Number of protein chains: 2
Amino acid sequence: MIDHEVQFKRFLQKQGLKLTPSRARILEAAFTMHEHFDAEKLHDLIKADNVSLATVYRTLPLLLEAGLISRTVRIGGRDRFEHILGHPRHAHWLCENCQAVIETDLSALQSAITKEAKALKFDIQQISLNITGLCWKCKDSANDSQ
Amino acid sequence: MIDHEVQFKRFLQKQGLKLTPSRARILEAAFTMHEHFDAEKLHDLIKADNVSLATVYRTLPLLLEAGLISRTVRIGGRDRFEHILGHPRHAHWLCENCQAVIETDLSALQSAITKEAKALKFDIQQISLNITGLCWKCKDSANDSQ
DNA sequence: GAGTTTGTTGCAAATGATTCTCAAATGAAA
DNA sequence: TTTCATTTGAGAATCATTTGCAACAAACTC
Ligand SMILES: [Mn+2]
Ligand SMILES: [Mn+2]
Ligand SMILES: [Zn+2]
Ligand SMILES: [Zn+2]
């Protein structure tokens, strides 16, 4: 069994839940995908295996709680996610114009955040640093059209 | 005319739009409110003046673009906002359990972010640092119930 | 000023992501 | 095998947000 599957099973058992075929398939798909994904995109990948979209929506919160995926950016009214295990934390820069998503390292900020968390006695589950604006391409074309 | 009204008017004119009574009323309400608000909460405040919820929804993106408000945390499927002018940037810590929102200073991180933006040639509109987890109250009660 | 263009608004209807209902299926345990 | 809680697919329901539209209004044009 793969690393993330072990972790998910352990999490589920702790809650009295089972690692069912559907849940295993959803987990696998989430880790197959190496880009951001939303519920529907993930479902597209596995609907051939008779896994319903409802179950995808039911499983996503479990994966979040288990710390296996994180919510990244909300685009077009849809929540997007990415898998975490083995990926360092990063910030998301979202271009309002072309909707490009750029990722940068977060480790520089992490220590400052952890320190603050200690002071607040806050138990961190997810850190999300999102910066919106215009990417260099769109900033330039904005200048051109003026 | 108040500071934020001048700024909004200037922004609108630049886009060939007008500072109408409805828009002015919405802006005013956004700056009257000294907590986070969602579209409906803002509308409650001004519906007596015959401003429709649709117009609130139409105006919110304008205020965002004008840099007068920012999107903060999404709770219960609703987007929340806060006014910006005169308020220093801050991070939002959201308790998953009691949904409390704690705010902390962001200025320590700001310089690191600005520096990164320069490197990326990214034109920043909004910075949003959201941290989810358990506040100290809920962390404690989780221990109790075990 | 009358007519024209362009942006605005309230209202009601539409949209669409997410959640819920429910009856059938599954599965661990006894 | 019987039991009993959990899970699931399918479809219906929910509900924040968006949109179409007809009436308005201010700004121009002549
Ligand atoms: Mn990412
Ligand atoms: Mn705030
Ligand atoms: Zn761009
Ligand atoms: Zn709490």
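Computed from a predicted model, the values in this text were never measured in an experiment. A note on names: the letters A, B, ... follow the listed sequences, proteins ahead of strands, and every chain is numbered from 1.
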Rounding to an integer number of Å, can you tell me how far B:Leu62 CG sits from D:dT18 P? 12 Å
Separation of C:dT18 C1' from A:Leu64 CG (nearest whole Å): 14 Å
Take B:Glu82 and B:Arg71, measure what salt bridge (Lys or Arg N to Asp or Glu O under 4.0 Å) needs, and give me the verdict at the end. CA-CA 7 Å; B:Glu82 70 189 344; B:Arg71 218 188 303 266; over 6 Å; no
Is A:Ser52 close enough to D:dT8 that one of its side-chain N or O atoms is under 4.0 Å from OP1 or OP2 there? no
Given side chains that start at C-beta, do those of B:Phe31 and B:Leu85 come closer than 4.5 Å, heavy atoms only? yes
Interatomic distance where CG belongs to A:Leu53 and P belongs to D:dT8 [whole Å]: 14 Å
Under 4.0 Å between a side-chain N/O of B:Ser22 and OP1 or OP2 of C:dG10, yes or no? yes
Below the 4.0 Å mark, does C:dG16 have OP1 or OP2 next to a side-chain nitrogen or oxygen of A:Arg78? no
Under 4.5 Å between any side-chain heavy atoms of A:Ile84 and A:Arg89, yes or no? yes
If I take atom NE2 in residue A:His43 and atom P in nucleotide D:dG11, what distance separates them, rounded to the nearest angstrom? 12 Å
Nearest-nucleotide check on DNA chain D, B:Glu40 vs B:Lys18; residue mapping nearer the 5' end is B:Glu40
Rounded distance (Å) that lies between atom C1' of D:dT17 and atom CG of B:Leu60: 11 Å
Rounding to an integer number of Å, can you tell me how far A:Leu19 CG sits from C:dG27 P? 12 Å
We want to know whether A:Ser52 and A:Thr55 form a side-chain donor-acceptor pair, criterion being a heavy-atom distance below 3.5 angstrom. yes
From the list C:dA17, D:dT8, D:dA10, which nucleotide is the closest neighbour of the side chain of A:Asn50? D:dA10
Return the value, rounded to whole Å, for the distance between atom NZ of A:Lys9 and atom C1' of D:dT7. 16 Å
Where the side chain of A:Tyr57 is concerned, which of D:dT18, D:dT8, C:dT19 is the nearest nucleotide? C:dT19
Starting the side chain at C-beta, find the nucleotide from C:dT18, D:dT17, D:dT6 nearest to A:Asp79. C:dT18
Figure out the CZ/P separation between B:Arg74 and D:dA16, and round it to whole Å. 10 Å
Closest approach to the side chain of A:Val51, judged atom by atom: which nucleotide of C:dT19, D:dT17, D:dG9 is it? D:dG9
For the residue pair A:His87 and A:Glu103, confirm or rule out a side-chain donor-acceptor distance under 3.5 Å. no
NA contact type, B:Arg58, heavy-atom cut-off 4.0 Å: base, sugar-phosphate, or nothing? base
Can you check whether B:Thr20 has a side-chain N or O nearer than 4.0 Å to OP1 or OP2 of C:dT9? yes
